[in-house]
Amino acid sequence: MVRRSGLLAATGMVVAILLGCEPTDTNASPDVGPEFDGAEYGLVIHGGAGTITREDMTDEREARYHASLEEALRAGYEILEQGGSAMDAVIAAVVVMEDEPLYNAGRGSVFTSEGTNELDAAVMDGRDLDAGAVTGVTRIKNPIKLARLVMEESPHVLFAGDGAETFASQFDLEVVDPDWFYTEERWEALQRAQEREEVTLSWHEEEDRMIGTVGAVARDQNGNLAAATSTGGMTNKRFGRVGDVPIIGAGTYASNASCAISTTGHGEYFIRNVVAREICARMEHRGESLQEAADAVILEQLLDHGGSGGAVGIDRDGMITMTLNTPGMYRGHYLAGAEPFTAIYGDEGDGR
Ligand code: ASP
């Protein structure tokens with residue numbers, strides 16, 4: 001059953017409050033009902049975590065988020081329902097979100113301090129711990145597809161920048177002009193970030209620099225797990241900065257022995273805390289449930305270090321988590337035998 005650990009959750013909140021962070025004061029984890037004991041197959045997705053509040057949202061924008069999350073869920077679920085692989089499902093879901101300019105991934109990615117878009121993505125296959133990632137790509141329409149090619153068609157795990165694009169040129173991948181990634185909204189966010197920086201000299205304080213990373217985790221009918229994450233990184237990032245997303249174990253991890261995790265948040269903290277692997281490792285070594293492990297890492301450990309963000313996960317038994325320590329996280333799940341569910345704010349239920 002998915003049960004939030006009351007003690008851990010309460011401790012996490014206390015830590016958050018003591019740190020003066022902005023944790024959600026709500027049930028950040030899904031309560032998928034007392035009868036739920038794991039889905040035979042299904043997927044869980046996120047579209048970024050951060051200071052997402054009702055005050056800053058319009059009805060129209062909210063509806064667009066729900067619709068696009070649902071579209072991504074349906075794309076992945078259809079594959080799972082037909083007996084397809086968890087890997088195919090997470091790629092399909094992430095591609096939908098990379099193509100939707102609302103998200104900070106693919107089209108709609110945030111800008112670097114030089115006014116460019118440098119995209120990161122990673123995939124991991126829980127069957128054999130195979131993984132692939134790219135960082136700093138500027139012309140690949142769907143970086144998540146390139147990450148998969150790195151995994152399947154090379155002996156390596158991570159390709160960077162020009163090398164990644166040279167590798168991509170061997171395959172039939174859609175290449176776009178860098179302008180493809182431009183959106184007015186993200187450009188204005190860069191201008192605001194750079195103005196603030198002149199005043200504060202602090203480049204990493206504003207959470208809106210990063211909202212919109214996308215990710216998906218899935219369990220297929222064979223019980224295999226997979227994870228995929230894609231991002232433009234953080235607004236105003238500098239000099240070849242690499243975030244957590246393409247670092248296997250930090251932003252993305254999958255092992256059939258425990259769980260599949262995709263994260264979103266302030267990447268530097270996720271790297272230092274090796275968040276995705278840490279959640280799986282707690283399950284493997286301490287025998288914790290997915291929810292206990294996610295609470296301990298996201299609501300306690302990460303907040304202890306001042307890191308904000310969230311994670312989605314699915315485990316070997318089909319149990320799920322959507323845990324966040326921020327006011328909101330675009331998120332959803334579509335599990336066998338249930339309807340798709342999408343949510344934005346921390347205080348929303350799970351739809352059951
Ligand atoms: N984790 C991403 C990064 O630091 C940003 C995000 O999740 O919003 O690159």
Side-chain angles (χ1 to χ4, degrees), residues 22 44-52 65 69 94 97-98 100-106 108-113 116-124 133-138 143-144 147 158 160-161 181 183 185-186 189-190 193 203-217 227-253 261-279 297-298 302 305-313 322-331 344:
E22 267 197 88
V44 193
I45 63 172
H46 70 77
T51 309
I52 305 164
Y65 273 110
L69 288 168
V94 166
M97 293 189 281
E98 283 182 335
E100 165 57 70
L102 278 176
Y103 300 103
N104 171 21
S109 285
V110 299
F111 286 89
T112 67
S113 57
T116 56
N117 302 107
E118 295 181 4
L119 283 50
D120 301 339
V123 296
M124 188 155 183
V134 292
T135 181
V137 296
T138 58
I144 202 70
L158 173 59
F181 301 110
T183 55
E185 196 181 331
R186 300 296 189 187
L190 174 66
W203 79 278
H204 57 259
E205 280 172 10
E206 298 295 330
E207 253 193 27
D208 71 357
R209 286 168 182 271
M210 62 194 188
I211 293 174
T213 287
V214 308
V217 294
T229 317
S230 181
T231 189
M234 292 177 76
T235 300
N236 210 21
K237 66 182 181 181
R238 304 212 177 134
F239 320 129
R241 178 261 188 188
V242 179
D244 58 321
V245 167
I247 307 297
I248 298 302
T252 309
Y253 194 79
I261 299 288
S262 172
T263 73
T264 174
H266 197 148
E268 280 69 7
Y269 293 88
F270 284 71
I271 293 173
R272 294 185 198 113
N273 286 277
V274 202
V275 166
R277 171 61 197 160
E278 180 71 4
I279 294 172
V297 176
I298 302 292
L302 199 58
H305 292 110
S308 60
V312 296
M322 300 189 291
T323 302
L324 56 150
N325 66 31
T326 50
M329 178 166 79
Y330 302 108
R331 61 196 187 278
I344 297 176

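These figures come from a predicted structure and were not determined experimentally. Counting starts at 1 for both ligands and their atoms, in listed order.
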Tell me if a side-chain donor or acceptor on N117 pairs with a main-chain N or O of V110 at a distance below 3.5 Å. yes
Using a 4.0 Å cut-off to any heavy atom of M234, which atoms of ligand 1 qualify? 4 (O)
Check each atom of ligand 1 against the heavy atoms of D244 and keep those under 4.0 Å away; list them by number with element. 1 (N), 2 (C), 3 (C), 4 (O), 9 (O)
T213 N/O to ligand 1 N/O under 3.5 Å: yes
Under-4.0 Å heavy-atom contact with ligand 1, by part of H46 that carries it: neither
Which heavy atom in P246 sits nearest to a heavy atom in V242, and how many Å separate them? CG-CG1, 3.7 Å
Of all the atoms in ligand 1, which lie at a distance below 4.0 Å from a heavy atom belonging to T264? 6 (C), 7 (O), 8 (O)
Salt bridge check: are R241 and E268 linked by an N-O gap of less than 4.0 Å? yes
Considering R241, M329, K237 one by one, which has a heavy atom nearer to atom 4 (O) of ligand 1 than any of the others? R241
Between the OG1 atom in T252 and the CD1 atom in I144, the distance rounded to the nearest 0.5 Å is 7.5 Å
Do the side chain of D120 and the main chain of T231 share a donor and acceptor less than 3.5 angstrom apart? no
Assign the ring pair Y103 / Y330 to parallel, tilted or perpendicular, where the plane angle (0 to 90°) is split at 30° and 60°. perpendicular
Can you figure out which of G212, G265, G243 has its heavy atom closest to atom 5 (C) of ligand 1? G265
Which atoms of ligand 1 have any heavy atom of G233 under 4.0 Å away? 5 (C), 9 (O)
State if G48 counts as touching ligand 1 under the rule of any non-hydrogen atom under 4.0 Å. no
Of M97, E100, R331, the one forming a side-chain contact (heavy atoms from CB on, under 4.5 Å) with L69 is M97
